[in-house]
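Both ligands and their constituent atoms are indexed starting at 1 by order of listing. Counting begins at 1 with the first residue of the sequence.
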Amino acid sequence: MKSRPLLLSFLVTLALGAASLTAATTKPVQPNIIVIFTDDQGYGDLGSYGAPNIETPHLDRLAAEGMRFTSFYAATFCGPSRAQLMTGSYAARVGHARNPSPNSNFGLHPNELTVAEVLRVAGYATMAIGKWHLGDAPEFLPTRQGFDTYFGLPYSNDMWRYHPKMPPRENEDALMQATRARAAYTGYSGQESYYPPNGGFPNDLPLMRDETVIEKNPDQRQLTTRYTETALQFISAPRDRPFFLYLAHAMPHVPLFVSEKFAGKSARGLYGDVLMEIDWSVGQILARLKQLGLDEHTLVVFTSDNGPWLGYGIDGGSAGPLRDGKGTTWEGGVRVPAIFRWPGKIPAARRTDAVAGNIDLLPTFARLAGAAVPADRVLDGRDLWPLLAGETPRSPHPYFHYLGGSPEGQINYRGVRDDRWKLVLNVGADGKIAARELYDLGADLGEKFDRAKQHPEIVRRLAAAAQQFHDELRQNLRPAGRRSRG
Ligand code: MG
């Protein structure tokens, strides 16, 4: 009989053990999350991605301490890429495969659930710093899409009265003269196509805090420094919950500006100086995390919104070994650097060629936060955590899709890839996929040699996957938000 209390106690211990085990496995770790998002930075513009003459020691350290992706995809240009990062879906699916201009009548639909909203519901403090570009009307601002606070430019830093395409005026001021001189010097082609035919943006460039314009035409040489200082303040604020920081630099999108700290420092010229300053910013953030003891509680992600803007000559970045650049669905337009670092959780010094993209950030972060992903809509993104944790080397995407810019409700579908092959395609007016070219991205990263004739069975398989995706996407398009004028 004496054994009964022992047995009872054993059972209680077992039950308690099971309970605590359950708690341990279901309670999310909830790391802090920092996304550093650069603008128009190319695949070849970091030391760890082979840049020959741009010094990026802090970003190189980030890669050495984390996982570096070599097949990570954004959209073809700024607004769509941000729509993807925020919603976990291809930009065309959410009606945002285009750039809103200043005073735009559209933006990301308020009903879209952004990564910031998902994390805020899970208990995160949230802040957006830098470029937004998902609509500048009040109902589209970051503060209406899940961010507690915002500091930055609501659209691109070239959407102002100092754009080189502005029609010449009498008695232009020094900044306008410098803009024209720089454009002439760099090899600027003037080919960017999405600008209004009258040639520019007559507006001032607003710098906003939350929903208030605090400056017009701010000194862009100080933007990277000011964004960094604001980020450090947010990271350092005392709080009893995790944080999500979205730091979307204006740079290195043209017009390029750099502070006196890095002016003239790079052999690569102004573009290299700007990258050095972004690298400095990353170093400041890493130092602050270490100082606060947050290294092992913080996931840091660094990536770019699209490939280099080659029409700007030497003020554009480099796609390294990849074909073409921004605005295209060649690899140089959409394949971007991506580094994930979380000491103790993500194995250090790893490189992966598994296919992933900025559509995957929302589902990955939701999993880490213990939050549910939106279940009432189609999400294209997948949870990357098994890959990041080293549990599998495989991509969660059997197929990945290349979509160019398009008006709301339309799909500009250009290609599909698996872990090796990329099919370049057209879509007929009847919605039928027509295969064009096949590239072996393993052996031919630069997309030089069409292999369609040699591999008809691969063309057929990829075309079938493309048709299935296109048919599904056409059935599940969501609208952009429409500006309410009052
Ligand atoms: Mg961009």
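Aromatic ring centres of F469 and Y399 lie farther apart than the 6.0 Å criterion allows.
Among the backbone and side-chain atoms of C78, an N/O/S atom is found under 2.8 Å from the Mg ion (ligand 1).
Note on D40: its N/O/S atom closest to the Mg ion (ligand 1) is OD1. Looking at D39, its N, O or S atom nearest to the Mg ion (ligand 1) turns out to be OD1.
Y155 meets the side-chain hydrogen bond (donor to acceptor under 3.5 Å, both in side chains) test with N203; sequence neighbours excluded.
With the Mg ion (ligand 1) as the vertex, atom OD1 of D305 and atom OD1 of N306 span an angle of 70° (nearest 10 degrees).
For residues 399-416, every residue pair satisfying the salt bridge (charged side-chain N to carboxylate O under 4.0 Å, His left out) rule, not counting sequence neighbours, is listed here: R98-E408, E408-R482.
Shown here is K216, whose NZ atom has no more than 12 heavy atoms of other residues, nucleotides or ligands within 6.0 Å.
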